[in-house]
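Counting begins at 1 with the first residue of the sequence. All figures in this text were calculated on a predicted structure; none of them were measured in a lab.
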Amino acid sequence: MMASSQTAFTVVQAGFLTTVQDVGRPGLQRFGVSAGGALDGHALRVANLLLANEETAAGLEITLGGLRVSFAEPRLVSWCGGDFDVTVGGAPLAPGRVGLVQAGQDVFFNRATVGCRAWLALAGGIDAALVLKSRSTDLRAAFGGFYGRALRSGDIVPLLSGPPSFDRKQQQGLFSRSAPPEWARPAKASPVLRFIRGTDWHRFTPAAQQALVGAEFTVSPDSNRMGARLEGPPLARADRGDLISEAVAPGTIQVPPSGQPILLLGDCQTIGGYPKIGNVITVDLPLAAQLSPGQRLRFREVSMGEAHHLLLVREHQLSRFSVGISLQH
């Protein structure tokens with residue numbers, strides 16, 4: 001394979017919503033800047049590691065499919081996410097695997113059958129300007145990524161330099177790499193999201209508390225990267241006292257006066273005044289990122305200790321995965 005110099009890909013078909021994303025802008029919420037980034041940062045990190053990219057390299061977040069991009073020069077790619085049919089030059093590319101797009105070929109994401117989002121990593125990463133130390137697109141603030149907006153058909157998106165040339169043995173090693181199935185394709189038809197109690201748990205009636213853990217909720221069409229609005233039994237408050245706006249984060253479950261909860265996602269605001277009945281744990285945010293309108297889900301309560309343990313285990317596994325990849329090249 002020839003070494004790739006700085007080049008670009010062309011958006012032939014932009015799909016429903018495709019944006020440039022990396023791992024976001026954590027640590028800036030106190031300045032009113034959303035964390036943003038890939039709604040499933042873990043999926044993008046895994047796809048990047050498969051290509052020997054930095055975990056923080058910018059890739060594409062594809063929502064509801066329909067994306068087709070073409071390449072004038074060879075480029076290694078990898079993807080993780082929902083149950084999409086993805087082809088490279090017309091040949092299927094499974095999630096969590098590495099593929100080679102030859103010059104003149106394209107990558108196509110068909111509509112997902114389960115889940116709604118995927119993350120495409122490209123060798124070297126996307127060459128977008130750093131804004132507040134991130135290349136992620138903030139759609140509400142209209143900065144970062146590709147001119148602060150979603151991609152459009154006809155856009156030409158620059159790429160950073162790809163990897164050096166590989167001999168035949170090294171190429172075989174690249175294409176034999178794979179990520180664990182639960183990382184490569186985390187979407188589930190009827191997910192159960194684990195949560196810990198929120199700071200306002202005590203403000204809700206026992207019936208509301210029981211409904212959160214016992215009832216089924218449906219994702220509303222009025223959902224986006226800021227949050228998934230859920231429809232189900234109203235979660236009533238036990239008191240009607242005023243609340244002070246407090247910090248919120250991806251995973252926070254807020255309950256407005258309607259009683260219908262809102263599960264906040266990566267582009268959520270930094271503070272909120274609605275009571276917080278719970279917080280979906282970090283390791284289940286990949287499931288939350290796949291929620292699509294009409295999908296049904298349930299919640300299950302876990303302890304803070306269990307939430308921490310699950311995150312530590314996943315990060316340890318990802319570290320070992322990264323080391324294993326590095327030993328292959």
Trainee: Suppose we screen for salt bridge (charged side-chain N to carboxylate O under 4.0 Å, His left out). Which residues come up paired with E306, at least two apart in sequence or across chains?
Mentor: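 E306 satisfies salt bridge (charged side-chain N to carboxylate O under 4.0 Å, His left out) with no residue once adjacent residues are dropped.
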Trainee: Could you measure the distance from the OG1 atom of T10 to the CD1 atom of I156? Nearest 0.5 Å is fine.
Mentor: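 Rounded to the nearest 0.5 Å, the OG1-CD1 separation comes to 4.5 Å.
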Trainee: Answer yes or no: is there a donor N or O on one side and an acceptor on the other, between the side chain of W79 and the main chain of L93, under 3.5 Å?
Mentor: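 It does hold such a pair.
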Trainee: How are the rings of F9 and F71 set relative to one another: parallel (under 30°), tilted (30 to 60°) or perpendicular (over 60°)?
Mentor: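 Rings of F9 and F71: tilted, 30 to 60°.
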Trainee: Only pairs at least two apart or in different chains count here, so list each salt bridge (charged side-chain N to carboxylate O under 4.0 Å, His left out) that has a residue in residues 259-282.
Mentor: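 Every salt bridge (charged side-chain N to carboxylate O under 4.0 Å, His left out) pair that includes a residue of residues 259-282, provided the two are not neighbours, is D200-K276, R225-D267, E246-K276.
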Trainee: Taking N53 for the side chain and E55 for the main chain, is one N or O donor matched with an acceptor at less than 3.5 Å?
Mentor: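 Flag not set: sc N53 to bb E55 has no pair under 3.5 Å.
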Trainee: Say you draw a straight line from CD of Q295 to CG of L230; how long is it, rounded to the nearest 0.5 Å?
Mentor: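 Answer rounded to 0.5 Å: 10.5 Å.
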Trainee: With a 3.5 Å cut-off and sequence neighbours excluded, list the donor-acceptor pairs that the side chains of residues 82-91 form with protein atoms.
Mentor:
unit_1, atom_1, unit_2, atom_2, d
D83, OD1, R185, NH1, 3.0
D83, OD2, T113, OG1, 3.1

Trainee: If you measure from the Lys or Arg side-chain nitrogens to the Asp or Glu carboxylate oxygens, is any gap between R229 and D222 under 4.0 Å?
Mentor: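 Answer for the salt bridge query: yes.
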Trainee: Given 3.5 Å as the limit, does a donor-acceptor pair link the side chain of Q13 with the main chain of L67, or not?
Mentor: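 No, the answer is negative, given that no donor and acceptor are paired below the 3.5 Å cut-off.
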Trainee: Counting only N and O atoms by type, is there a donor-acceptor contact under 3.5 Å from the side chain of S153 to the main-chain atoms of A14?
Mentor: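 Yes, the answer is positive, given that a donor and an acceptor are paired below the 3.5 Å cut-off.
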Trainee: Going through the checks in order, is the side chain to side chain contact (heavy atoms under 4.5 Å, CB included) test met by N48 and D22?
Mentor: CA-CA 10 Å; N48 273 323; D22 58 17; over 6 Å; no
Trainee: Distance-only, no hydrogens or angles: does the N224 side chain make a donor-acceptor pair with backbone N or O of M226 under 3.5 Å?
Mentor: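 Yes; at least one donor-acceptor contact below 3.5 Å.
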Trainee: Between R314 and E182, does any side-chain N to carboxylate O distance fall below 4.0 Å?
Mentor: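 Salt bridge: no.
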Trainee: Is a salt bridge present between D284 and R300, judged by a nitrogen-to-oxygen distance below 4.0 Å?
Mentor: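 No.
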Trainee: Regarding Q21 and S136, do their side chains bring together a donor and an acceptor under 3.5 Å, going by distance alone?
Mentor: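 S136 and Q21 do have a side-chain donor-acceptor pair below 3.5 Å.
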Trainee: Are I277 and P261 side-chain neighbours, meaning at least one heavy-atom pair lies under 4.5 Å?
Mentor: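 No, every pair of side-chain atoms sits at 4.5 Å or beyond.
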Trainee: Side chain to side chain donor-acceptor pair (under 3.5 Å) between S34 and R140: does it pass, once the steps are laid out?
Mentor: CA-CA 10 Å; S34 297; R140 289 187 301 140; 2.9 Å; yes
